[in-house]
Colleague: 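Input: one structure, supplied below.
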Amino acid sequence: MSPAVLDAAVRRLVASRYDRPWLIFYGGEPLLAAPLVRRALERVRLWAPRRMRPDVRILTNGTRLDEKMTRFLVSRDVFVTLSFDGVAPAQDDRAPESFALLDRLLVRLRRDHPRHFRERFGVKVTLTSRNAPFLSPSFRYLLSRGVRDVEVCAVIPDDGGWNARTRRELDRQLAEVVRLSVVEFRRSGRVPFRVFQGPVAAPAADGAAACGCASRGSLFVDVDGSLAPCERLAPSTLRSPPVALRRVAAALGGLHVTDPDLPAALARRERIARRLPFLAGARDRQGPRGPCATCKARSVCFVCPVAVTSNGGRVPQFHCDVNRLLARHRAAFLSQTAPEPGTPLVRRRPPETASPTEEDLR
């Protein structure tokens, strides 16, 4: 991305009507362009109006997160999400011999920047059929390292190795994650596994994506300044997409971050998106087990529209199974942590550096 495109994107951010807009750095690996990240954060500090407090976030694989860059991100209160699949067999399946480096990174971040590590740090696990058998050991390990925010997302677009055996294995792994989460909740009052957090949301309306794809309030700026409806439809990231996905990208493309009448153009794009089968709601969507409209997991289902379109318009088996299992185990966690009727919920505040011991987890 050129400095001019970067500056134009920051100007759009600081000119928005939001008091706390999000600015998120994606990749590839954004810290390969560390000078641009620094430039963006300096521009935000200089240009944001007094009323505005942008929430800046970065998704990184951690390989370029040295101490100098860490200090800079901490000084700017940047939320760091580490793309990390957990214990060595899971992480090394993605990037051989990378576990030791990331383990040292967790130790360093927690030791040298404890407050930031507690409040502005999380881990994102990309779930596959190969690393599913290691999900609960990975969650246990991350808890032992003091991580307080663990997000799990199914790999996009699909996983060809998924079958009935791996589904049963993920079911077992999530049952253990529930057990570990209940232990942690009763010990500290925290819910680190993000899927278990917060109230159940209403199902997304037809023609609206839960992820905000093509929303006028969400601008994904590609390296050349073009505005993609989401990061997975950015032209620079598309690799031999199916024809249906290319048509979606074309229908929702054509905008640039420097366009003079951008708000009106974004409103038009949002209206177009709502008419596309790409964002069809559960009323019309088909899963491998039948119509999505009848699925009990609708309220927590966040199947990516790109995955559905890449699968010929049907929800892939992998994504359907993962969402159903997450919904079922979320309900199990909530049933075990709900207070008795009429009993006030009092959560003990843990010591600032507390993390579960092996005895706690057993």
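In this chain, numbering begins with 1 at the start of the sequence shown.
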Colleague: If you measure from CZ on R268 to CG on L255, what distance do you get to the nearest 0.5 Å?
Modeller: 8.0 Å
Colleague: Any carboxylate oxygen within less than 4.0 angstrom of a Lys/Arg side-chain nitrogen, looking at R289 and D321?
Modeller: yes
Colleague: Using the rule that Ile, Leu, Val, Met, Phe, Trp and Tyr join whenever any side-chain heavy atoms are under 4.5 Å apart, tell me whether L82 and F25 fall into a single cluster.
Modeller: yes
Colleague: Output yes when a side-chain donor or acceptor of H116 lies under 3.5 Å from a complementary backbone atom of R110, and no otherwise.
Modeller: no
Colleague: Would you say F278 and L233 make side-chain contact, with heavy atoms under 4.5 Å?
Modeller: yes
Colleague: Are C320 and V303 side-chain neighbours, meaning at least one heavy-atom pair lies under 4.5 Å?
Modeller: no
Colleague: I need the L65 CG to N61 CG distance, nearest 0.5 Å.
Modeller: 9.5 Å
Colleague: Given side chains that start at C-beta, do those of Q173 and P137 come closer than 4.5 Å, heavy atoms only?
Modeller: yes
Colleague: Taking CZ in R246 as the centre, count heavy atoms belonging to other residues, nucleotides or ligands within less than 6.0 Å. Is the count above 12?
Modeller: yes
Colleague: How long is the gap from OG1 on T166 to CG on D171, to the nearest 0.5 Å?
Modeller: 11.5 Å
Colleague: When rounded to the nearest 0.5 angstrom, what distance separates CG in L127 from CD in E151?
Modeller: 12.0 Å
Colleague: Pair R39, E42 - check salt bridge (Lys or Arg N to Asp or Glu O under 4.0 Å), show working.
Modeller: CA-CA 5 Å; R39 180 186 181 97; E42 292 296 345; over 6 Å; no
Colleague: Taking D85 for its side chain and T126 for its backbone only, find out whether a donor-acceptor pair lies under 3.5 Å.
Modeller: yes
Colleague: Looking at every heavy atom in both F79 and G122, which two are closest together, and how far apart are they?
Modeller: CE2-N, 3.7 Å
Colleague: So, does R314 use its side chain to make a donor-acceptor pair with the main chain of G287 at under 3.5 Å?
Modeller: yes
Colleague: Do other residues, nucleotides or ligands put more than 12 heavy atoms under 6.0 Å from the CZ atom of R20?
Modeller: yes
Colleague: Show the nearest heavy-atom pair for residues M1 and D222, with the distance to one decimal.
Modeller: CE-O, 3.3 Å
Colleague: State whether the side chain of T294 and the backbone N or O of P291 hold a donor-acceptor pair below 3.5 Å, judged by distance alone.
Modeller: yes
Colleague: If you compare all heavy atoms of S138 against all heavy atoms of A90, which two are closest, and at what distance to 0.1 Å?
Modeller: OG-CB, 4.2 Å
Colleague: When you check the gap from the basic side-chain N to the acidic O, do R130 and D159 get nearer than 4.0 Å?
Modeller: no
Colleague: May I ask you to establish whether R148 and F121 are in a cation-pi arrangement, using a distance under 6.0 Å from NZ or CZ to the six-membered ring centre and at most 45° from the ring axis?
Modeller: no
Colleague: Is the side chain of D92 donor-acceptor paired with the backbone N or O of E97 at a distance under 3.5 Å, no angle test?
Modeller: yes
Colleague: Test of understanding: clusters of I, L, V, M, F, W, Y form through side-chain heavy atoms closer than 4.5 Å, transitively. Do V155 and V195 belong to the same one?
Modeller: yes
Colleague: Would you check if V178 and S181 make a side-chain contact, meaning some heavy-atom pair closer than 4.5 Å?
Modeller: no
Colleague: Answer yes or no: are there more than 12 heavy-atom neighbours, outside R115 itself, under 6.0 Å from its atom CZ?
Modeller: no
Colleague: To check you understand the geometry: which heavy-atom pair defines the closest contact between L170 and A132, and what is its length?
Modeller: CD1-CB, 4.3 Å
Colleague: Is the backbone of H256 close enough, under 3.5 Å, to the side chain of D259 for a donor and an acceptor to pair up by distance?
Modeller: yes
Colleague: As a quick check of understanding, evaluate side-chain contact (heavy atoms from CB on, under 4.5 Å) for R120 and D55, giving each step before the final call.
Modeller: CA-CA 10 Å; R120 301 285 286 166; D55 186 345; 2.8 Å; yes
Colleague: Output yes when E176 and R179 qualify as a salt bridge under the 4.0 Å nitrogen-oxygen rule, no when they do not.
Modeller: yes
Colleague: Applying side-chain hydrogen bond (donor to acceptor under 3.5 Å, both in side chains), run through E29 and T60 and close with a yes or a no.
Modeller: CA-CA 6 Å; E29 171 50 49; T60 174; 2.9 Å; yes
Colleague: Kindly indicate, with the supporting measurements, whether the criterion side-chain contact (heavy atoms from CB on, under 4.5 Å) is fulfilled by V56 and R76.
Modeller: CA-CA 8 Å; V56 183; R76 296 295 188 268; over 6 Å; no
Colleague: Does one hydrophobic cluster hold both V80 and Y26, with members joined at side-chain heavy-atom distances below 4.5 Å?
Modeller: no
Colleague: Could you check whether any side-chain heavy atom of P241 comes within less than 4.5 Å of a side-chain heavy atom of S310, counting everything from C-beta outward?
Modeller: no
Colleague: Could you walk me through whether V183 and L143 pass the side-chain contact (heavy atoms from CB on, under 4.5 Å) check?
Modeller: CA-CA 11 Å; V183 169; L143 286 178; over 6 Å; no
Colleague: Nearest 0.5 Å, what's the CZ-CG distance between R194 and L326?
Modeller: 13.0 Å
Colleague: Is it true that a side-chain atom of R57 and a backbone atom of I24 form a donor plus acceptor pair closer than 3.5 Å?
Modeller: no
Colleague: For residues P305 and L279, report the shortest heavy-atom separation together with the two atoms involved.
Modeller: CG-CD2, 3.7 Å
Colleague: In this structure, which one of V223, D224, V221 forms a side-chain contact (heavy atoms from CB on, under 4.5 Å) with V5?
Modeller: V221
Colleague: Is a donor on one side and an acceptor on the other found under 3.5 Å between the side chain of E270 and the backbone of S215?
Modeller: no
Colleague: Using a 4.5 Å cut-off on heavy atoms from C-beta on, say whether the side chain of L105 contacts that of T63.
Modeller: no
Colleague: Decide whether M69 and L109 are clustered together by the hydrophobic rule: side chain heavy atoms of Ile, Leu, Val, Met, Phe, Trp, Tyr closer than 4.5 Å, transitively.
Modeller: yes
Colleague: When you measure from the side chain of Q197 to the backbone N and O of V191, does any donor-acceptor pair fall under 3.5 Å?
Modeller: yes
Colleague: Decide side-chain contact (heavy atoms from CB on, under 4.5 Å) for Q91 and F84; before the verdict, give the C-alpha distance in whole Å, the side-chain angles of both, and the deciding distance to 0.1 Å.
Modeller: CA-CA 7 Å; Q91 174 59 25; F84 181 27; 3.3 Å; yes
Colleague: Would Y141 and F99 count as a close aromatic pair, with their ring centres under 6.0 Å?
Modeller: yes
Colleague: Do we see a donor-acceptor contact under 3.5 Å between the side chains of S83 and R94?
Modeller: yes
Colleague: Spell out, as yes or no, whether a donor-acceptor pair under 3.5 Å connects the side chain of S75 to the backbone of F72.
Modeller: yes
Colleague: Between H113 and E67, is any side-chain donor less than 3.5 angstrom from a side-chain acceptor?
Modeller: yes
Colleague: Could you check whether D19 pairs with R53 (Lys NZ or Arg NE/NH1/NH2 to Asp/Glu carboxylate O, under 4.0 Å)?
Modeller: no
Colleague: Contact between L266 and L262 at the side-chain level, heavy atoms closer than 4.5 Å - yes or no?
Modeller: yes
Colleague: Which atoms form the tightest heavy-atom contact between Q336 and R186, and what is the distance?
Modeller: O-NH2, 3.2 Å
Colleague: Taking L174 as the starting point, is it possible to reach F185 by hopping between hydrophobic residues whose side chains are less than 4.5 Å apart?
Modeller: yes
Colleague: Parallel, tilted or perpendicular, judged at 30° and 60°: which one describes the rings of F196 and F333?
Modeller: parallel
Colleague: Is there a side-chain contact between R216 and P263, using heavy atoms and a 4.5 Å cut-off?
Modeller: no
Colleague: Distance check, rounded to the nearest 0.5 Å: R232 atom CZ versus C230 atom SG?
Modeller: 7.5 Å
